[in-house]
Amino acid sequence: MITKVLEVDNHTVTTHFVLLGFPTQPAFQLLLFFVFLAIYLLTLVENCLIVFVIHSDGQLHKPMYFFLSNLSFLEMWYVTVISPKMQIDFLSHDKTISFNGCMTQLYFFVTFVCTEYILLAAMAFDRYVAICNPLQYPLIMTNQLCGTLAAGCWFCGLMTAMIKIVFIARLHYCGTPHINHYFCDISPLLNISCEDSSQAELVDFFLALMVIAVPLCVVVASYATILTTVLRIPSSRGRHKAFSTCASHLAVVILFYSTTLFTYARPKRMYAYNSNKMVSVLYTVIVPLLNPIIYCLRNREVKAALRKTMLCKGSEPREDGAVIN
């Protein structure tokens, strides 16, 4: 496979990259295609259903579910940035991706990852207010504040991705730039650059520190305060009820943060090994699939709203007032 390049000002300007993906036998590639396609479609259905139910049921118009709908909406696009290209590569011998296509994929991937980090911190703050200041909760978590927090999450994600892309896109790549990954990510691109990438690495490290460490501190501080408050509740039933309102969110936080920190807290040279691909599958494919199940589908209010939605779809009123079953 030949990677297309151009000569501009004595520099080799790369127009295409080669994604190495998962090098296996053709039969196994076909199996992987069907497995990841099923996961992708199921993830879309789950998250679409949650967004629809939350916005159509008035009883779910609460801050917690507002943030949940934002998370589900984000993860629909999050998986769409990566999965379709990965599935095409399973069936094709040509695993190239254009330079512009690679930078576009990287931009939106970084946007959604950074937004999710901050959004999970906002959701932790919401749980902190609900459990530690229940009487002040309606006064603090107003529609205006929730909207501002959600908009701030998206804005920070978009701006962080834009700054990172500016530095990554300016790098030069020599020879045949093979990316040892199944999508365009920052560390693999830094690995194949043929010039000094220390400035891009420094910017990436600083922004990653801000986007990961600051939300993580908010999450830890929120749950430390929540734990202290819950332990002060005299009845075991009260403690269980209070903790159950944030247990799902805590599970999602642990799942997302642990898999992404394992990848992005390690040196960039570790991307030479295939172990990081398997970890990346966890947070780019598996976590978006599990989040709706962990966070929403086990929630009694959401399940009641789902049943009500299904019943409404299954029975439509006639003009004479009768119901069509």
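None of these values were measured; they are calculated from a predicted model.
With hydrogens and angles ignored, the 3.5 Å screen pairs a side-chain donor or acceptor of T259 with a backbone N or O of F256. Of the possible donor and acceptor atoms, none in the side chain of S197 sits under 3.5 Å from a partner among the backbone N and O of A200. With hydrogens and angles ignored, the 3.5 Å screen pairs no side-chain donor or acceptor of D57 with any backbone N or O of V53. Of the possible donor and acceptor atoms, one in the side chain of Y182 sits under 3.5 Å from a partner among the backbone N and O of S280. Without hydrogens or angle criteria, T260 side chain to Y257 main chain gives a donor-acceptor distance under 3.5 Å. Of the possible polar contacts, one joining the S69 side chain to the F66 backbone as a donor-acceptor pair under 3.5 Å is found.
For the atom pair R170 CZ and S193 OG, the distance stands at 11.5 Å (nearest 0.5 Å). To the nearest 0.5 Å, atom SG of residue C146 and atom NZ of residue K62 are 13.0 Å apart. Note that CZ of F206 and OG1 of T160 are 10.0 Å apart. Values are rounded to the nearest 0.5 Å. E46 CD to E75 CD: the interatomic distance, rounded to the nearest 0.5 Å, is 10.0 Å. With rounding to the nearest 0.5 angstrom, the OG1 atom of T43 is 8.0 Å from the CD1 atom of I286.
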| field | Audit row: L158, Y107, side-chain contact (heavy atoms from CB on, under 4.5 Å) steps and yes/no | value | CA-CA 8 Å; L158 289 165; Y107 174 74; 3.5 Å; yes
| field | Derivation and outcome, side-chain contact (heavy atoms from CB on, under 4.5 Å), residues L189 and D185 | value | CA-CA 6 Å; L189 286 168; D185 201 0; over 6 Å; no
| query | Between T80 and L44, is a side-chain contact (heavy atoms from CB on, under 4.5 Å) present by the stated rule, with each step listed? | reply | CA-CA 9 Å; T80 300; L44 289 182; 3.9 Å; yes
| said: Could you walk me through whether L145 and T142 satisfy the side-chain contact (heavy atoms from CB on, under 4.5 Å) test, starting with their C-alpha distance in whole Å, then the side-chain angles of each, then the deciding distance to 0.1 Å, before giving a yes or no? | reply: CA-CA 5 Å; L145 178 61; T142 61; 3.6 Å; yes
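With hydrophobic clusters built from ILVMFWY side chains whose heavy atoms lie under 4.5 angstrom apart, F36 shares a cluster with L31. V287 and M278 fall within a single hydrophobic cluster, where Ile, Leu, Val, Met, Phe, Trp and Tyr side chains are chained together by heavy-atom contacts under 4.5 Å. L42 is connected to V252 through a chain of hydrophobic side-chain contacts under 4.5 Å among Ile, Leu, Val, Met, Phe, Trp and Tyr, so both are in one cluster. Transitive grouping of hydrophobic side chains (ILVMFWY, heavy atoms separated by less than 4.5 Å) brings L19 and F22 into a common cluster. Connection of V285 to L41 is established within a shared hydrophobic cluster, with ILVMFWY side chains joined at heavy-atom distances below 4.5 Å, either directly or through further cluster members.
Looking at heavy atoms from C-beta onward, I168 lies in side-chain contact with I186 at the 4.5 angstrom threshold. In this structure, the side chains of H178 and I192 stay at 4.5 Å or more apart for every pair of heavy atoms. Residues I179 and C184 meet the side-chain proximity criterion, which asks for heavy atoms closer than 4.5 Å. Residues F183 and K85 are not in side-chain contact: their nearest non-hydrogen atoms beyond the backbone lie 4.5 Å or more apart. Side-chain contact between V79 and P288 is present, with heavy atoms from C-beta onward closer than 4.5 Å. When side chains are defined from C-beta on, I97 counts as touching Q105, because their heavy atoms get closer than 4.5 Å. Side-chain contact between K95 and L20: absent, with no pair of heavy atoms (C-beta onward) separated by less than 4.5 Å. Contact annotation: the side chain of H181 approaches that of K277 to within less than 4.5 Å [non-hydrogen atoms, C-beta and beyond].
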Residues 219-231, side-chain donor-acceptor partners within the protein, below 3.5 Å, at least two apart:
residue	atom	partner	partner atom	Å
S222	OG	V218	O	2.7
Y223	OH	C246	O	3.3
Y223	OH	H249	ND1	2.5
T225	OG1	A221	O	2.9
T228	OG1	A224	O	2.9
T229	OG1	T225	O	2.9

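In summary, the side chains of S92 and D94 do not present any donor paired with an acceptor at a separation below 3.5 Å, with no hydrogens or angles considered.
Every residue meeting the side-chain hydrogen bond (donor to acceptor under 3.5 Å, both in side chains) condition with D196, not counting sequence neighbours, appears here in chain and number order: S198. With sequence neighbours left out, C153 forms a side-chain contact (heavy atoms from CB on, under 4.5 Å) with T115, I118, L119, A122.
The shortest non-hydrogen separation linking Q87 to F33 is O-CD1, 3.4 Å. Nearest heavy atoms, D89 versus Q29: O-OE1, 4.0 Å. The two residues I254 and S258 make their nearest non-hydrogen contact at O-OG, 2.6 Å. Residue L60 comes nearest to Y65 through the heavy atom pair O-CB, 3.1 Å, listed as atom of the first residue, atom of the second, then distance. Smallest separation of non-hydrogen atoms from N70 and A150: OD1-CB, 3.9 Å. Pairing each heavy atom of I165 with each of M103, the nearest pair is CD1-O, 3.6 Å.
The 12-atom threshold is not exceeded at CE of M210, counting heavy atoms of other residues, nucleotides or ligands nearer than 6.0 Å. By the 6.0 Å contact criterion, CZ on F108 is open, its count of non-hydrogen atoms from other residues, nucleotides or ligands being 12 or less.
The existence of a salt bridge linking K164 and D204 is confirmed by a sub-4.0 Å separation between a basic side-chain nitrogen and an acidic carboxylate oxygen.
Relative to the ring axis of F125, R127 does not place its NZ or CZ within 45° and under 6.0 Å from the centre.
Separation of the Y173 and F17 ring centroids falls under the 6.0 Å cut-off.
Ring geometry, F109 versus Y78: the interplanar angle falls under 30°, so the pair is classed parallel (tilted spans 30 to 60°). Using a 30° and 60° split on the angle between ring planes, F112 and W154 fall in the perpendicular class, above 60°.
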